Enquirer: 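Before I ask anything, let me first share the structure, which is written out below as structure tokens.
Excluded from the calculations below are hydrogen atoms, water molecules and symmetry mates; all remaining heavy atoms, backbone and side chain alike, are included. A quick note: this is a predicted structure, and the numbers were derived from the prediction, not measured. A, B, ... follow the sequence lines: proteins, then strands. Residue 1 opens every chain.
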2 protein chains.
Amino acid sequence: MSLSFALLGTDGRARRGRITTAHGNVETPAFMSVGTAATVKAMTADAVRATGAEMVLANTYHLMLRPGAERIERLGGLHKFMDWPGPILTDSGGFQVMSLTELRKLSETGVTFQSHVDGSRHELTPERAMEIQRQLDTDVTMVLDECTSFPADEKTAADSMRRSMRWAARCRQAFVRRPGYGLFGINQGGVHESLRRESAEALASIGFEGYAVGGLAVGEGQETMFRVLDFTVPFLPQDRPRYLMGVGKPADLVGAVARGIDMFDCVLPTRSGRTEQAFTRFGPLTLSNARHREDPRPLDEACGCPACRKHSRAYLHHLINTREMLGPMLLTWHNLHYYQTLMAGMRAAIEQGGFADFAAAFAEDQRKGDIPPP
Amino acid sequence: MSLSFALLGTDGRARRGRITTAHGNVETPAFMSVGTAATVKAMTADAVRATGAEMVLANTYHLMLRPGAERIERLGGLHKFMDWPGPILTDSGGFQVMSLTELRKLSETGVTFQSHVDGSRHELTPERAMEIQRQLDTDVTMVLDECTSFPADEKTAADSMRRSMRWAARCRQAFVRRPGYGLFGINQGGVHESLRRESAEALASIGFEGYAVGGLAVGEGQETMFRVLDFTVPFLPQDRPRYLMGVGKPADLVGAVARGIDMFDCVLPTRSGRTEQAFTRFGPLTLSNARHREDPRPLDEACGCPACRKHSRAYLHHLINTREMLGPMLLTWHNLHYYQTLMAGMRAAIEQGGFADFAAAFAEDQRKGDIPPP
């Protein structure tokens, strides 16, 4: 009855799957576009759909402050509010409380904090995090966890992880089961294999509809992240989706899929779109660079997004140069399209048993770097 | 061979017409969306088309500075550059030189000025204005005129208008005729009937593919503007399109169509979209107002734009409140859609001989004001 996951095939450790939710299916490996405040920045919902996205992520912390979870519930839920009838995942708010607020106070009960918007005081407990996400009506609810600082010694990482596991059990208790909805646990334990194993076992014994790997992409670097995934992912249940939170660059996605991850979210394609960066097959490029100012070619001639089908690099450079809103709009669209195309490519490669070749070709293209100026 | 105009019908002084250009037809009365720097702010070209717009306006002054007319020419012209294969009109740059630049120097030859962007020195003459607009490859070229200050006494207005008429003759000389392209003259003369008549006669004796009324919407107020139109429009040739530059509010458009105007442009719908203002049948409203914060209704339930079909006032209020880019994007879309719907309504009313009733119903709706809060 809950949200379900079908493992359709594997290729090495890479997995091809399908998540079925109350609001539709998500083909995995999947990248979720980030819609922090109930909007994927600089994109209409129609445009997000046109990139191929099937699922979006929204941020509990931002929405509980503005416009408030109760208000969104009264307005019919987040799907209706933001015009996204498809699946939605919300984080628990814990990460933003730790990173955005001051005067926060953490206890076994939960965390109290002051809003970064207006200074108002709020409390987030495992039970309240479940209530808020139910009010938002999101398909995937994330447990409230403590975001362990990085770097953390083993004692600190262990204490933090164990509190997160106790909170995870309280979240499971408080979560109201509904057909097609699910609750995901979050694996913690820093870079310590024994802690990641202990966390995985604790979560599995509680039982969740999916399992996230948290506490990565916090400054440890790609090599360490991959090493942690190498020993952590095998601890996670085979029959549930695995979600690497907050990751990442294109090469991070390919490397994590190779290690058995099914789901991702990251602000990188949208944030980069607002800061003149475009992702392409041949690596990232900066549109404000003068080399593009009279280049009649698209960002990537193989790309099917509106920025590439309809406009030259020269036009995009002009929009950036004149600070026109259409610049960030088109670059965001391109970047999300690139990410979704990359995910679709990985899904097809896994289906055909050619993921290793795909990953090698991807890395080779990225190494080539941008095409030379005309 | 040049751009042509067919007068399809009249209803009182209101006219229903069709302009045929090298890049397609424009049904009149028409509102041109303003794409100052080769982009209608916060809109993709597809979105502009979806509002029903058939023609856009771009600004010679902004484009000659960035990215430069020569560059746009090398890149294949403005239509290709901004993904607008339909008709484009460019102003001559004179208005912006007068309003945006410092250290400008006006003489019979033309005007020299410093760029507001980087302080570089430029010269704009009637001949150079024609060359730039040919490089941009716009369907309708506007003559360079002197923007008379307001208020101006009759002597000042007369001297300024007569210089503009001499420049208009030089523009006609310099303009390179091409099939489907045309040059519009600009009537000046302030609020003085005798000067407006003199200007109209001077322009008609030179001969243009269209006639604009300039020097209005500069602070004189709607009543004065309508009075000037009342005596000026009858001086203009019947068989050419008449364009009221830089106008205006919805009620200005209706009143000017009633007085025989065929074409308009104005930044109001786009600028208002970026400053929380929405135009509706029942008058303008401010989305940041707290009365909208939990209103589940659209801006206007009769409107077919994406902001109204897909989103509540509460969501739009939230986007404005959180300064999300989608707020200006959706409000701009709505406002342009509203303007185009208003123009389509006027065209249909003229066809049916019901323009007076349409104008009365429009005024009555506007007087009602916004719907009460829920």
Enquirer: For the CD atom on B/E301, are there more than 12 heavy atoms of other groups (residues, nucleotides or ligands in this structure) within a distance under 6.0 Å?
Expert: no

Enquirer: Sort by residue number and list every member of residues 131-141 of chain B having a non-hydrogen atom under 4.5 Å from chain A.
Expert: none

Enquirer: I need the contact set between residues 82-100 of chain B and chain A: heavy-atom distance under 4.5 Å, sorted by residue number.
Expert: B/M82, B/D83

Enquirer: Partners of B/Y339 by ring pair (Phe, Tyr, Trp, His ring centres under 6.0 Å), sequence neighbours excluded?
Expert: B/F31, B/F279

Enquirer: Would you find more than 12 non-hydrogen atoms of other residues, nucleotides or ligands less than 6.0 Å from A/R271 atom CZ?
Expert: no

Enquirer: Report, in residue-number order, which members of residues 62-75 of chain A are under 4.5 Å from chain B by heavy-atom distance.
Expert: A/L63, A/R66, A/P67, A/R71, A/R74, A/L75

Enquirer: Under 4.5 Å heavy-atom distance to chain A, tell me which part of B/R274 shows up: side chain, backbone, both or neither.
Expert: side chain

Enquirer: On a heavy-atom basis, which atom in A/A37 and which in B/H318 lie closest, and how many Å separate them?
Expert: O-NE2, 2.8 Å

Enquirer: Contact part of B/A47 toward chain A, heavy-atom cut-off under 4.5 Å: side chain, backbone, both or neither?
Expert: neither

Enquirer: About how many Å separate OG1 of A/T39 and NE2 of B/H311, when rounded to the nearest 0.5 Å?
Expert: 8.0 Å

Enquirer: If you count heavy-atom pairs under 4.5 Å with chain B, which of A/H317, A/K80, A/K41 comes out on top?
Expert: A/K41

Enquirer: Could you label the plane-to-plane angle of the B/F81 and A/Y315 rings as parallel, tilted or perpendicular, counting under 30° as parallel and over 60° as perpendicular?
Expert: perpendicular

Enquirer: Is it the case that over 12 heavy atoms from other parts of the model lie below 6.0 angstrom from the CZ atom of B/R121?
Expert: yes

Enquirer: Go through it in stages, so that I can follow the logic: the residues are A/T332 and B/M325, the test is side chain to side chain contact (heavy atoms under 4.5 Å, CB included), and I'd like the CA-CA distance, side-chain angles, deciding distance and then a yes or no.
Expert: CA-CA 12 Å; A/T332 299; B/M325 283 177 67; over 6 Å; no

Enquirer: So which part of B/E324 gets closer than 4.5 Å to some heavy atom of chain A, the side chain, the backbone, both or neither?
Expert: side chain

Enquirer: For the atom pair CG (B/L326) and CE (A/M329), what is the distance rounded to the nearest 0.5 Å?
Expert: 9.0 Å

